[in-house]
Amino acid sequence: MTSATARMALVVLGLLLVLTYLLLRGFTPDAALHEQRLRAIDELTFNEAALHRDVLKASHGLLLDYDPLVATVARLREVVAELRGAGAPGPLLDGIASELDRQEALVEDFKSAHALLRNSLAYFAYLSEQLTMPTSEPGQAVAMVVGRFASAMFRFVGSASSDAAAADVAASLDELSVQPVPADLRDDTEALRAHGALILRNQPLVDGILARLLATRVSEQAQRLQDHFMEHECPLHQRGGSTWSPEGHERYGCVEVSSVAALPRSEEKARLTACGVRAWLCVPLWHAGTGVGVLGFDAVMGDKRWTNDDIALLRTIGEILVNALFRERGERERQTLESRLRHAQRMESLGTLAGGIAHDFNNILGAILGYAEMLLGRLRRDSPEWRHVEEVKKAGERARDIVDRILAFSRRTEQRHRSLRLRPLLEETAGLLRASLPSTIALGLRLPDEDAPNKDAIVLGEPGRLQQVIMNLCTNAAQAMAGHGNIDVALDLVALDTEQVLSHGALAAGRYVRLTVRDSGHGMDAATLDRIFEPFFTTKEVGAGTGLGLAMVHGIVADHGGAIDVRSRPGAGSSFGVYFRQAEAPPADDGRTDAPLAVGRGETILIVDDEKPLVQLGEEMVATLGYEPVGFDSSTRALAAFRADPQRFDLVLADEIMPGMTGTQLAAALHAIRPDLPILLMTGYSGPGRSARPDVCEILKKPLLSADIAGAIARHLHPEHQVAAVS
Amino acid sequence: MLAAASQELVMTRTGEPITPVPIAAPPDPARARLGERLFRDVRLSRDDRLACASCHQLGQGGDDGRLRSIGADGRALDFNTPTVFNAALSFRLNWRGNFRTLEEQAEAVLLDPRVMGTNWAALISKLRADQAYRDAFDSAYGQPPTRPLVLDALAAFERSLLTPRAPFDRYLRGERDAIGPEEKRGYELFKSHGCVACHQGVNVGGNLFERFGVFDDPFVGRPVSEADLGRLALTGKTEDRSVFRVPSLRNVAETAPYFHDGRAATLEQAVAEMGRIQLGRELAPQEVGLIVRFLHTLTGEYRPVASQAAPRP
């Protein structure tokens with residue numbers, strides 16, 4: 001055996017080791033470990049989102065106890081310990097661990113400050129109510145001061161503790177401290193001042209902690225850890241073989257130069273000689289009929305003639321290598337897709353979380369608005385109380401707008417999509433935008449050529465919501481520019497031959513309508529880009545934005561089966577490309593295609609059941625169907641609310657068996673006020689049918705099914721659009 | 001499916017800030033039983049005089065009824081001894097919340113010269129010299145006694161010291177008559193007066209830190225001790241002055257005297273003092289009485305681990 005062969009054998013041995021490694025990787029516990037790490041990283045992200053949700057809920061008094069916060073913090077720490085056990089690199093994990101420590105300290109501060117604040121707010125409300133209902137003459141003067149104090153305080157609490165409102169509260173505290181107070185009210189007044197002072201101190205504190213808590217970046221760091229794993233799980237990069245292939249040296253599909261010295265003089269020969277290469281074999285690598293590279297073997301000790309067996313063996317090795325390479329490449333693509341999928345799942349889970357909060361809020365807002373309206377009906381229009389309650393109602397309505405936007409992000413129910421022309425919609429929206437944007441921002445519009453096929457860009461969708469997409473993207477673009485710059489909006493048609501992965505979603509092959517909004521603003525970095533569509537994520541300062549605009553865009557686009565591609569770099573502006581599948585059918589003239597789905601358009605449904613959980617359940621079902629539920633657990637209160645504003649409700653869903661007034665009695669009373677009102681009765685018992693109940697349109701059997709409710713509501717709400725097969 | 005969902009709503013959405021203690025058998029009865037033996041063994045202290053159970057008397061609410069317990073050196077400790085019952089449900093342990101896990105806390109108590117005053121070498125050699133312990137460790141862990149196993153067994157026992165089925169928990173689980181009308185009014189006051197802002201969750205407290213002395217100075221008329229400084233003594237941060245872990249109120253009727261210094265001999269005094277110091281409110285005697293009635297309903301049942309059912313396989 002010559003030393004060249006020995007060296008050759010070493011090369012082959014080395015290669016075999018590499019191949020063995022590559023082949024075995026698919027079966028070793030590495031894969032399981034990799035999965036475990038990715039799951040742990042996901043869990044970090046998910047738990048941070050849950051923590052953010054729970055502190056938000058707590059800050060609005062919707063979290064009844066702190067155990068969920070404690071459990072989430074503990075779980076996050078456990079996950080980091082698990083990742084340490086699974087061999088995650090120390091420095092990256094240390095970064096996460098220190099972010100978790102910071103987060104935990106903030107959670108502790110939050111709980112301590114929030115518990116006091118919540119307590120004082122409750123006391124303040126109770127005491128101010130007591131003191132504004134004076135029973136004595138000197139109490140009247142105190143009541144006036146306390147009334148001003150209370151309204152200053154509610155402005156302060158509602159205004160994210162603005163400085164102006166804080167100054168008003170401080171002034172009221174001073175005013176109260178010099179106000180002569182009769183002896184019997186002294187304790188309450190003192191307590192009111194003490195709690196008022198605590199709120200003044202703690203509300204900004206809690207707001208500040210909350211803002212810092214919502215800005216924790218565990219998931220961002222988790223993403224870096226994931227990137228690290230992805231990068232280092234990637235295959236060993238094969239050194240590229242030589243591409244030099246002189247003619248006349250072919251053997252069995254390989255190129256062999258058995259003696260470099262015997263080659264004619266050439267630049268290649270000079271280079272090979274300079275490198276000490278004496279002989280050379282090149283095995284081309286093929287995959288699916290395409291040349292993908294070559295495998296080169298150098299002999300350095302002397303000339304070498306490879307045997308046929310050598311070449312056959314090396315060719316086999318080449319094939320194995322190519323297969324391994326392509327499997328690895330496929331794996332990498334799969335991982336990229338997986339990470340997109342995880343992103344999608346994360347958006348989905350955030351949507352669910354946000355939807356949950358929004359629903360809780362909606363119920364509370366329903367009560368606030370309902371009672372505010374009732375109260376307005378009883379108060380004199382020129383009284384200060386009427387103005388105060390009117391403010392409550394307005395604030396409640398603003399809150400409802402925000403909730404609607406959250407719901408737009410999270411709602412995943414089927415919509416009534418119809419085919420529509422995007423081009424006129426875009427032109428109309430651009431007109432609206434030009435009117436609202438400052439004149440220093442130029443809005444340019446590029447539309448498909450007049451003679452282009454499908455120049456109107458027909459898609460399936462809901463015009464109002466698609467308009468929101470355009471409005472929000474342009475508003476976002478305007479906000480990314482400090483007062484002046486250009487926004488370019490373009491509409492074009494794209495045909496994709498193969499599946500394509502976008503920055504935020506993936507598209508199957510097909511024809512698409514693309515809406516592009518490009519700005520010359522400040523752009524963003526990769527970390528921001530990754531999170532822009534999350535609800536409550538905002539780069540604006542606290543209070544300046546809700547962080548819901550783009551989340552809503554994402555929700556609407558996802559609902560329309562579209563996808564979004566965002567390109568941006570810091571300082572280089574951003575471009576948002578929104579893809580909708582191109583629709584074939586021209587828009588129907590009446591604007592209404594077949595509508596088999598019995599879903600609502602925000603009509604208000606009054607739900608009455610004496611069991612609270614069932615009211616909630618009913619509300620949830622009805623809300624999911626797209627109606628606006630207003631629930632009561634007492635028929636007398638429901639009747640009072642109805643009497644206050646009979647036109648507010650579009651349909652009534654009432655339980656039959658209720659204490660005080662049965663569903664049938666309630667129906668009669670409601671019809672006495674408004675005879676055209678559709679009323680549905682729910683009952684768990686069989687009894688007299690509808691004939692015995694002239695005021696009832698239909699009797700539904702408990703337990704209620706969504707489909708039954710959907711059908712029944714649609715039947716009686718819009719009898720003119722009667723749908724044949726609803727159930 | 002919807003019918004099932006509606007039932008779930010009824011079962012779990014109590015909408016109350018307090019949740020019942022879980023009813024669950026300990027995950028490993030053999031280890032818990034071994035832990036109990038260690039818990040009751042005086043050989044865990046330097047002079048074979050004190051056991052964990054000397055201060056945490058299971059028949060006495062899990063503490064010893066003293067203002068402050070007496071340690072191995074015969075002197076009073078710094079803090080009133082908290083109950084060991086449901087300690088596993090608290091997010092941190094001890095008055096200052098200086099321990100995150102039962103194991104950390106147990107080790108600190110064993111090694112503290114003022115409490116149990118032992119060291120691991122002495123303790124492990126005492127245990128290894130005892131054939132009964134060697135057998136018990138062997139059957140629970142398959143190994144002779146070591147530091148981590150001793151701590152694990154003690155923690156396993158402490159985790160079995162939950163007290164479910166308190167009348168209030170039965171009420172939360174749907175037994176409407178498990179507590180009487182006055183007790184319900186007491187609970188309403190507990191919520192409306194703001195006690196519940198801190199005392200909430202499964203352990204009715206034990207899940208956050210709070211300052212003692214929000215509206216009034218609790219240390220008037222006596223020198224402030226190091227214990228009174230609360231977490232300040234641990235963290236050195238001024239904002240942690242007199243900040244303590246909010247204690248659990250489970251079994252509170254059984255754990256007099258109250259507060260970190262044992263200052264309140266009765267529950268009535270403790271409630272009145274909380275109202276004054278933490279809520280800025282002089283509670284009427286009748287209100288105090290009702291809240292105390294409610295607090296009595298938080299006393300649960302303790303079933304010794306020997307009698308608890310083995311976990312399902």
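All heavy atoms count here, side chains included; hydrogens, waters and symmetry mates do not. Reminder, nothing fancy here: chain letters follow the sequence lines and each chain counts from 1.
In this structure, A:Lys111 satisfies the cation-pi test against B:Phe91, with its NZ or CZ atom closer than 6.0 Å to the six-membered ring centre and inside 45 degrees of the ring normal. In this structure, B:Arg176 is positioned above the aromatic face of B:Tyr171, its NZ or CZ under 6.0 Å from the six-membered ring centre and within 45° of the axis.
Taking the six-membered ring where tryptophan is involved, the planes of B:Trp95 and B:Phe244 are perpendicular, since the angle between them exceeds 60° and thus also 30°.
Contacts of B:Arg245 with chain A are absent, with no heavy-atom separation under 4.5 Å from either backbone or side chain. Heavy-atom distances place the side chain of A:Arg77, and not its backbone, under 4.5 Å from chain B. For chain A, the nearby parts of B:Phe209 are the backbone and the side chain; heavy atoms of each come within less than 4.5 Å. In this structure, the portions of B:Val202 lying under 4.5 Å from any heavy atom of chain A include both its backbone and its side chain. Interface remark: A:Leu127 contributes side-chain atoms only to the contact with chain B (heavy atom separation under 4.5 Å). Heavy atoms closer than 4.5 Å to chain A are found in both the backbone and the side chain of B:Leu279. Using a 4.5 Å cut-off between heavy atoms, A:Leu198 touches chain B through its side chain atoms alone. Heavy atoms closer than 4.5 Å to chain B are found in both the backbone and the side chain of A:Ala194.
Aromatic rings from A:His195 and A:Phe124 are positioned such that their centres are separated by 6.0 Å or more.
Residues B:Ile18 and B:Tyr187 form a side-chain contact, since some pair of their non-hydrogen atoms from C-beta on lies under 4.5 Å apart.
For the pair B:Asn251 and B:Gly300, the tightest heavy-atom approach, listed with the atom from each and the gap, is OD1-N, 2.9 Å.
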Working for side-chain hydrogen bond (donor to acceptor under 3.5 Å, both in side chains), residues A:Tyr66 and A:Asp54: CA-CA 9 Å; A:Tyr66 297 121; A:Asp54 285 341; over 6 Å; no
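Residue with the most contacts toward chain B among A:Ala115, A:Ala74, A:Ala113: A:Ala115 (heavy-atom pairs, distance under 4.5 Å).
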